[in-house]
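One structure below.
Naming convention: chains lettered A, B, ... in sequence-line order (proteins, then strands); numbering from 1 in each chain.
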Protein chains: 2
Amino acid sequence: MSDLRERRKLRTANTIRVAAVNLVHAQGLDNVTTDMISEAAGISPRTFFNYFRYKEAALLPPTPVFEQNAVNRFLVSTAPILDDLVELIIPLTQFFSENPAMFRKLFEISQAHPKLVMLKINAFHEFEDMVRLVIAKRLKMKSDADKPSLIAALVTTGIRVAMESWANHGTGSADKEIERTFSEMKTIFAQSDQTAP
Amino acid sequence: MSDLRERRKLRTANTIRVAAVNLVHAQGLDNVTTDMISEAAGISPRTFFNYFRYKEAALLPPTPVFEQNAVNRFLVSTAPILDDLVELIIPLTQFFSENPAMFRKLFEISQAHPKLVMLKINAFHEFEDMVRLVIAKRLKMKSDADKPSLIAALVTTGIRVAMESWANHGTGSADKEIERTFSEMKTIFAQSDQTAP
DNA sequence: TTATTTGTTGCACATACTGCAATTTCTGCA
DNA sequence: TGCAGAAATTGCAGTATGTGCAACAAATAA
């Protein structure tokens with residue numbers, strides 16, 4: 001089987017990522033060319049584009065994927081859907097919780113350059129799509145129906161804000177920050193039914 | 001005074017926009033070069049980049065700006081903040097409500113190309129920043145505090161989803177769609193306090 | 001070993017975008 | 001009206017991103 005090949009590719013991709021993040025963190029996005037990254041990663045300039053479609057792609061965390069078991073549990077659960085979603089998503093943040101150094105470096109880089117801010121936001125948007133699909137499945141609705149779209153958008157937004165808070169001034173674990181953010185979200189909407197701010 | 005100059009520039013920018021949207025709508029983003037757009041708009045290739053920093057920028061609606069009076073009213077109101085925000089933001093959607101043809105063309109183009117999806121999302125993100133600032137001001141909090149960030153994110157997300165719904169299968173006015181979406185948001189969070197889905 | 005599949009590389013090329021200096025077009029004022 | 005200075009447009013030369021293709025190298029399966 002081509003398991004070795006697979007791992008080799010993953011390792012190469014990772015080498016490129018590390019080279020890219022370090023170079024850009026040190027010198028800024030515009031002062032680093034794909035040639036320099038390739039050089040540092042020990043591959044040919046052409047090969048860079050075999051792994052990443054564009055320069056900035058090497059500066060983004062790999063796309064997260066749900067674990068199948070967790071999805072199955074989510075689909076049949078009858079608990080409140082928001083709670084279940086948080087539970088489903090939290091494991092995906094472990095990569096960051098476990099590598100806070102890399103996370104903060106990436107966060108720092110991202111904040112510094114509009115193009116990267118954009119790509120980060122876009123990553124969340126793609127994630128939102130993924131979430132939307134499982135929600136629609138659980139609710140037995142079409143995936144472009146309003147309700148799944150809305151719930152997915154809200155949940156993803158909550159995660160995003162929580163991660164930003166955590167990066168900016170978070171003290172505890174990422175999990176705690178997410179819990180906190182979601183409970184605050186409930187408060188906000190509860191208040192909007194009354195009259196005083 | 002250079003009022004004429006100002007208007008002339010606005011007109012040129014608009015000419016470029018129209019040329020860009022039409023060309024891209026007809027032929028797809030990748031088959032349209034900045035040279036072609038410049039040609040169609042009757043300007044030199046170099047001038048295109050005096051108006052737009054990158055090709056795709058000509059395909060985005062100009063950045064919305066709050067009306068000062070509306071902001072002042074918002075800042076001192078004591079009604080529920082979510083309602084006030086909706087009221088503050090709705091006028092900004094009038095450009096689209098009044099030009100549904102242009103809106104749908106833009107929406108169609110945006111959906112077709114990942115790069116443009118990204119830029120649209122980014123536009124909402126910049127909008128979110130703007131909203132965050134006025135919320136912080138009203139709440140007399142620092143603009144990077146958690147609460148303003150979260151409210152801004154939620155509101156912007158609501159607007160985004162509403163606009164998408166409206167573009168996809170909206171029948172009435174954009175305003176109505178926004179109202180509807182926000183009331184659905186409240187429902188979602190209300191349900192998360194109970195046990196049944 | 002040999003054949004096949006998979007990954008890497010070099011090369012040629014199109015397009016995006018920038019800096020600079022020359023030129024044209026506008027505006028305010030005499 | 002005509003002129004001086006400001007602002008906008010343009011051409012040119014150059015760098016960097018990203019793609020297609022075909023040759024080549026390496027790994028796997030037989």
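- Between the CD atom of A:Glu6 and the P atom of D:dA27 there is a distance of 16 Å, given to the nearest Å.
- The separation between B:Met36 atom CE and C:dT15 atom C1' is 12 Å, rounded to whole Å.
- Residue B:Thr47 places none of its side-chain N or O atoms closer than 4.0 Å to OP1 or OP2 of D:dT9.
- Taking a cutoff of 4.0 Å between a charged side-chain nitrogen and a carboxylate oxygen, B:Glu108 and B:Arg104 do not qualify as a salt bridge.
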Open item on the list: The test is side chain to side chain donor-acceptor pair (under 3.5 Å); show your working for A:Asn69 and A:Arg73 and say whether it passes.
Closed with: CA-CA 6 Å; A:Asn69 287 339; A:Arg73 259 180 288 125; over 6 Å; no

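- Look at B:Arg132 and B:Glu128 and you find no salt bridge, because none of the NZ, NE, NH1 or NH2 atoms lies under 4.0 Å from a carboxylate O.
- Distance from the side chain of A:Pro45 is smallest for C:dG10 among the nucleotides D:dT10, C:dG10, C:dT9.
- Remark: P of C:dA16 and CG of A:Asp30 are 18 Å apart, rounded to the nearest angstrom.
- Under the side chain to side chain contact (heavy atoms under 4.5 Å, CB included) rule, B:Phe182 has a single partner from B:Thr187, B:Leu85, B:Val155, which is B:Val155.
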With B for base contact, S for sugar-phosphate-only contact and - for none (protein heavy atoms under 4.0 Å), nucleotides 15-26 of chain D reads --SBBBB-----

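- Ion pairing of B:Arg180 with B:Glu177 is present here, as a side-chain N (NZ or NE/NH1/NH2) and a carboxylate O approach within less than 4.0 Å.
- Straight-line distance from the NZ atom of B:Lys9 to the C1' atom of C:dT27: 15 Å, rounded to whole Å.
- Going from atom CD of B:Gln27 over to atom P of C:dT15 covers 13 Å, rounded to whole Å.
- Under a 3.5 Å cut-off, the side chain of A:Ser77 and the backbone N or O of A:Phe74 do not form any donor-acceptor pair.
- Taking atom CG of B:Asn50 as the reference point, atom P of D:dT10 lies 9 Å away to the nearest angstrom.
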